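Here the structure comes first, spelled out in structure tokens, and everything after it is commentary.
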Amino acid sequence: LGGKMLGPLYTPPEKPMRPQIYAVVAACLLACSAAQARDTTPATPTVNERLHSAQKAIQAKHWSRAQTELTAALEDEPRNADIHNLLGYTARKSSPPQLSRAFFHYKIALDINPQHRGAREYLGEAYLMDKQPAEAQKQLAALEQICGNQSCEEYADLAKAIADYKASNP
């Protein structure tokens, strides 16, 4: 069997093929690692996911975490009234309250959607914090028009806040 049997079946190449083999192996490794990187890279959260995360942070009163999520969501949807409304809310609830920032975001929310009940309520509450009850009253009147009556939750909440303010500031 020795070398005579092997001779006619196999002829070694004149030049070694090692560089080509290394190139093929390297290309395979790169392709595999690129595919793996694609699979393991976390997806960027959607606006809805960020809003959900922000709402959970708001419930826990983690204002800065909520602001971070909302600011990131705002980059994707700068004309989203709900995001601006919640940014205003978190600014107002922060310690100390950031009223100028709250006013800024509430007004943008209302520029985008003048019928936004949450922004009307929260803007009215911000006006009360800023000792401007007449401006809060204007938001209450707007809510009455939007709701068609005085029964919507936002109207009731702002009406109570105004009554409490008046009782504390005769």
Side-chain angles (χ1 to χ4, degrees), residues 30-31 33-170:
L30 285 173
S33 64
Q36 185 181 15
R38 233 180 295 120
D39 293 342
T40 60
T41 303
T44 303
T46 65
V47 169
N48 284 339
E49 290 169 337
R50 289 198 182 278
L51 276 170
H52 180 72
S53 178
Q55 288 167 335
K56 287 174 72 174
I58 288 168
Q59 288 172 348
K61 298 183 180 185
H62 294 134
W63 310 119
S64 63
R65 186 175 348 140
Q67 287 176 355
T68 299
E69 289 294 332
L70 292 166
T71 300
L74 194 63
E75 290 178 18
D76 291 335
E77 289 188 22
R79 300 233 359 113
N80 184 315
D82 293 330
I83 295 171
H84 282 286
N85 179 49
L86 290 176
L87 276 167
Y89 183 83
T90 58
R92 183 168 59 90
K93 292 294 189 172
S94 294
S95 182
Q98 303 165 356
L99 286 181
S100 61
R101 187 167 181 217
F103 286 125
F104 173 81
H105 284 291
Y106 291 142
K107 289 178 181 180
I108 291 175
L110 292 172
D111 284 344
I112 295 167
N113 179 5
Q115 305 296 309
H116 198 289
R117 296 185 314 203
R120 293 276 175 200
E121 175 193 346
Y122 295 157
L123 178 59
E125 291 172 1
Y127 279 128
L128 293 175
M129 290 175 74
D130 202 35
K131 300 184 181 352
Q132 297 183 57
E135 292 300 317
Q137 196 67 46
K138 289 178 186 176
Q139 297 308 311
L140 187 65
L143 279 168
E144 185 174 0
Q145 292 296 313
I146 293 166
C147 297
N149 56 35
Q150 299 176 356
S151 65
C152 71
E153 180 183 351
E154 294 82 2
Y155 180 93
D157 290 348
L158 183 55
K160 181 180 180 330
I162 290 171
D164 291 348
Y165 177 87
K166 288 180 178 177
S168 298
N169 300 285

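Here the structure is a predicted model, which means the values were calculated and not measured. Excluded from the calculations below are hydrogen atoms, water molecules and symmetry mates; all remaining heavy atoms, backbone and side chain alike, are included.
- Between Val47 and Ala73 the shortest heavy-atom distance is CG2-O, 4.0 Å.
- Under the 4.0 Å criterion applied to side-chain N and carboxylate O atoms, Arg92 and Glu125 are assigned as salt-bridge partners.
- In this structure a side-chain-to-backbone donor-acceptor pair under 3.5 Å is missing from Asn85 to Ala81.
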- Message: Between Gln139 and Glu154, is the side-chain contact (heavy atoms from CB on, under 4.5 Å) condition met? List the steps.
- Response: CA-CA 10 Å; Gln139 297 308 311; Glu154 294 82 2; over 6 Å; no
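- One N or O on the side chain of His116 and one on the backbone of Ala119 form a donor-acceptor pair closer than 3.5 Å.
- One finds the CG atom of Leu143 at 10.0 Å from the CD atom of Gln115 (value rounded to the nearest 0.5 Å).
- Here NE2 of His62 is found 11.5 Å from OG of Ser53. Values are rounded to the nearest 0.5 Å.
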- Message: Could you walk me through whether Asp164 and Leu128 satisfy the side-chain contact (heavy atoms from CB on, under 4.5 Å) test, starting with their C-alpha distance in whole Å, then the side-chain angles of each, then the deciding distance to 0.1 Å, before giving a yes or no?
- Response: CA-CA 10 Å; Asp164 291 348; Leu128 293 175; over 6 Å; no
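- Using modelled atom types, one side-chain atom of Thr90 and one backbone atom of Leu86 make a donor-acceptor pair closer than 3.5 Å.
- Taking each heavy atom of Tyr106 and Ala126 in turn, the nearest pair found is CE1-CB, 4.0 Å.
- Taken from NZ in Lys61 to OG in Ser94, the straight-line distance is 12.5 Å, to the nearest 0.5 Å.
- When every heavy atom of Ala54 is checked against every heavy atom of Ala66, the shortest pair comes out as O-CB, 3.7 Å.
- Enclosure of atom CD in Glu135 by more than 12 non-hydrogen atoms of other residues, nucleotides or ligands within 6.0 angstrom is indicated.
- Looking at His105 and Ile83, their side chains never come closer than 4.5 Å, going by heavy atoms from C-beta outward.
- How far OH of Tyr155 is from CD of Gln145: 10.5 Å, rounded to the nearest 0.5 Å.
- In this structure, Asp111 does not pair ionically with Lys107, as no charged nitrogen and carboxylate oxygen lie closer than 4.0 Å.
- The distance from the CD1 atom of Ile58 to the CZ atom of Arg65 is 11.0 Å, given to the nearest 0.5 Å.
- When side chains are defined from C-beta on, Gln67 counts as touching Arg101, because their heavy atoms get closer than 4.5 Å.
- Here the rule is side-chain hydrogen bond (donor to acceptor under 3.5 Å, both in side chains) with Arg50, and of Glu69, Glu77, Gln55 only Glu69 fits it.
- Residues Ile112 and Asn80 fail the side-chain proximity criterion, which asks for heavy atoms closer than 4.5 Å.
- Rounded to the nearest 0.5 angstrom, Glu121 CD and Leu140 CG are separated by 10.0 Å.
- Summarising the geometry of Ala136 relative to Gly124, their closest heavy-atom pair is CB-O, 3.3 Å, with the distance given to 0.1 Å.
- The minimum heavy-atom distance between His84 and Pro78, with the atom names listed, is NE2-O, 3.0 Å.
- The heavy-atom pair separating Ile162 from Gln137 by the smallest distance is CG2-OE1, 3.6 Å.
- Relative orientation of the Trp63 and Tyr89 rings is perpendicular, given thresholds of 30° and 60° on the angle between their planes.
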